[in-house]
Amino acid sequence: MQLGVNIDHIAVLREARKNGDPDPLDALSICKRAGADQITIHLREDRRHIQDSDALHIINHSFLPVNLECAIAPEMIDIACTLKPHRVTLVPEKREEVTTEGGLAILGDQPLLLDAIKKLQYNEIEVSLFIDPDFDTVQRAKAVGAEWIEFHTGKYANLHAMLYGNLAKTHHSIPELELPRKILRQMLADELENMKRLSDEAVKTGLKVAAGHGLNYQNVREIVAIETIEELNIGQSIIARSVFTGLGPAILDMKALLLR
Ligand code: PXP
């Protein structure tokens, strides 16, 4: 299974001081040497971490394909078409969110989305849509002509953390925390089964399937077991581990878990 390493959080640290250090560009050769298959960056409209100059230099200097995440806003699509990364993953964006909280809603007639896909593909950029694992949304992703879908694994990761992790320390207001473990276990199994079924069906229609968000060293195995998911994009947990181990070992540890 392929690993896209999301290096936004290196820029988060840099932006805390805005003194140029650490530079996400320095991660490129380490990612490649440690066995990453792709570099993923998110150029947010509020530029809270990755800046335009980062995106430019990373795309121009990466030894690995670059997957640029951005909103469907026309100015972002124009930037993406100028930068020409290997792939663009279209994501929903809200300024006040801490991180991408859900997948793209693909409902009815969506001229902005259709226009974005058309422009990107005209520029020979692969298009992926970051979506919730939902039957209708997968069908619509296929209908609008995306090559890839990426499942938002946030719900899965939250359920996993509620059952086996320490989410209670950090997310006090989640009502499911009060649910009996038996019910949580069933919800987790249902979420995985749903993702597997949707992924299998999506691949049959010719889509390629990736997944990401909230995946870590504890919860990734069950997702790796879904054979039709081709690629995972993982950021927070790898960069968090790298603070203690260095980036190379943190990627190697994750790659080992992705072996099938
Ligand atoms: N995939 C997409 C489309 C994302 O927007 C993100 C960041 O939210 C990730 C993967 C990586 O998520 P995380 O940092 O939680 O591993």
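Quick caveat: nothing in here was measured; it's all calculated off a predicted structure. Remember, it's 1-based here, ligands and their atoms both numbered in the order they're listed.
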Against heavy atoms of [X], which atoms of ligand 1 measure under 4.0 Å?
| X | answer |
| --- | --- |
| Gln236 | 13 (P), 14 (O), 16 (O) |
| Ile234 | 16 (O) |
| His213 | 8 (O), 10 (C), 12 (O), 15 (O) |

Donor-acceptor under 3.5 Å (Asp115 side chain, Leu112 main chain):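 Between the backbone of Leu112 and the side chain of Asp115 there is no qualifying donor-acceptor contact (under 3.5 Å).
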The one among His42, Glu69, Glu150, Glu93 that brings a heavy atom closest to atom 6 (C) of ligand 1: Glu69
Selected option - heavy-atom contact closest to atom 15 (O) of ligand 1, from Gly214, Ala211, Ala240, Ser128: Gly214
Under 3.5 Å: N/O of Thr89 near N/O of ligand 1: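 Min N/O separation from ligand 1 is not below 3.5 Å for Thr89.
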Shortest non-hydrogen contact from Lys196 toward Ile226: CA-CG2, 3.8 Å
Residue pair Asp253 / Arg241: nearest heavy atoms and the distance that separates them: OD2-NH1, 2.8 Å
Side-chain H-bond candidate by donor/acceptor type, Glu231 with Asn233, under 3.5 Å: yes
Between Glu93 and His42, a side-chain donor and acceptor under 3.5 Å: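 Yes, His42 and Glu93 have a side-chain donor paired with an acceptor closer than 3.5 Å.
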